[in-house]
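As structure tokens, the structure follows; a few thoughts come after it.
We count ligands from 1, going down the list as the structure has it; atoms in each ligand are counted the same way.
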Amino acid sequence: MESTMLSPQDALASLIWQIELGATETIGDAPVNRYELPEKTAKPVAVPKAAERPVAHAAPPATADPVAAARAAAAAAVDLEALRAALGAYPHCDLRRGARNLVFSDGNPAARVMIIGEAPGRDEDMQGKPFVGRAGQLLDRMLAAIGLMRGASAPQEAVYITNVLPWRPPQNRDPEPAEIAMMRPFVARHVALVNPAVIVLMGNISCEAGLGRHGITRLRGQWAEAYGKPALPMFHPADLLRTPAAKREAWADLLALKA
Ligand code: URA
């Protein structure tokens, strides 16, 4: 009979495949027949007294308006740390429940250029930093080509990077309009606190949040205004990984940004 043992390489490939599909937890080695559990093995569970019960994420009242609550929380944030804390305490976006980390920002807050991406992916969720995966590495190379770097201390050589959504959507699905709407006040406050000279809107979701429009192929390269700042829509680096031919337009946009 043929062996069903996977080679280490196949096992690794299978694991990577499952992670890409969105699996986020490992389970036990041995199968569990859950139909048997209730009567045979379940022990009586002691109900803790009210004072001992853990305080779960309080479910927001059903009548609360998530966008109004976001506006109030964002407006009350007096600096970037307060804004990060306000996002961390914001209960209305369900994406937070599936995410490992809140991904707030990276780079120099004194930068003249602020980049607004879409949402964290798997690598960003794991590291708690925006644009650290393959798309992020391409973004760093694109920025370096025009003399910009997220780690630079001089504001004219630096960039500051954030996303519309601070939590990874499951299976990297597109954010829903309601999720974008409730995060928009936080993004607007983020821009106001950083006060960059210009913004780059990376990809469709970022254009949707900042301009109320999408269609990046038409929007890219056309300066517009978002969050009260001059804003340049650009192809998302993930688009460039999928469609390398679009790098020509991206290069033209980078030169416009540099100018
Ligand atoms: N794509 C984004 O838009 N943001 C990230 O942080 C990573 C990938």
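- Between atom NZ of residue Lys247 and atom CG of residue Leu241 there is a gap of 6.5 Å, rounded to the nearest 0.5 Å.
- Note: an N/O pair closer than 3.5 Å links Ala119 and ligand 1 by distance alone.
- A distance of 11.0 Å separates CG of Leu95 from CZ of Arg168, quoted to the nearest 0.5 Å.
- Lys229 and Asn195 are linked by a side-chain donor-acceptor pair at a separation below 3.5 angstrom, with hydrogens and angles left out of the test.
- Under a 4.0 Å N-O distance rule, the pair Glu208/Arg184 does not qualify as a salt bridge.
- Ligand 1 has no atom lying under 4.0 Å from any heavy atom of Ala135.
- Residue-to-ligand polar distances keep Lys129 apart from ligand 1: every N/O pair is separated by 3.5 Å or more.
- Of all the heavy atoms of His236, the ones lying under 4.0 Å from any atom of ligand 1 belong exclusively to the side chain.
- When heavy-atom distances to ligand 1 are checked against a 4.0 Å cut-off, Ser206 has no atom that comes that close, whether in backbone or side chain.
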Point to revise | Derivation of the ring pair (Phe, Tyr, Trp, His ring centres under 6.0 Å) call for His190 and Phe104 | key: CA-CA 10 Å; His190 209 153; Phe104 185 67; 4.5 Å; yes
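- Ligand-side atoms of ligand 1 in range of Pro130: 6 (O), range being under 4.0 angstrom from any heavy atom.
- Under a 4.0 Å heavy-atom criterion, Glu124 is in contact with ligand 1.
- Looking at ligand 1, you'll find an N or O of Phe131 within less than 3.5 Å of one of its N or O atoms.
- Listed by atom number, the atoms of ligand 1 under 4.0 Å from Gly117 heavy atoms are 3 (O).
- Closest protein heavy atom to atom 4 (N) of ligand 1: Asn163 OD1, 2.8 Å.
- Proximity of a side-chain donor or acceptor of Asn204 to a complementary backbone N or O of Ile216 within less than 3.5 Å is detected.
- A salt bridge does not link Asp125 with Arg122: none of the charged nitrogens is closer than 4.0 Å to a carboxylate oxygen.
- Under the 3.5 Å distance criterion, the side-chain polar atoms of Arg189 are matched with a main-chain donor or acceptor of Ala77.
- At a 4.0 Å heavy-atom cut-off, ligand 1 touches Glu118 through backbone and side chain alike.
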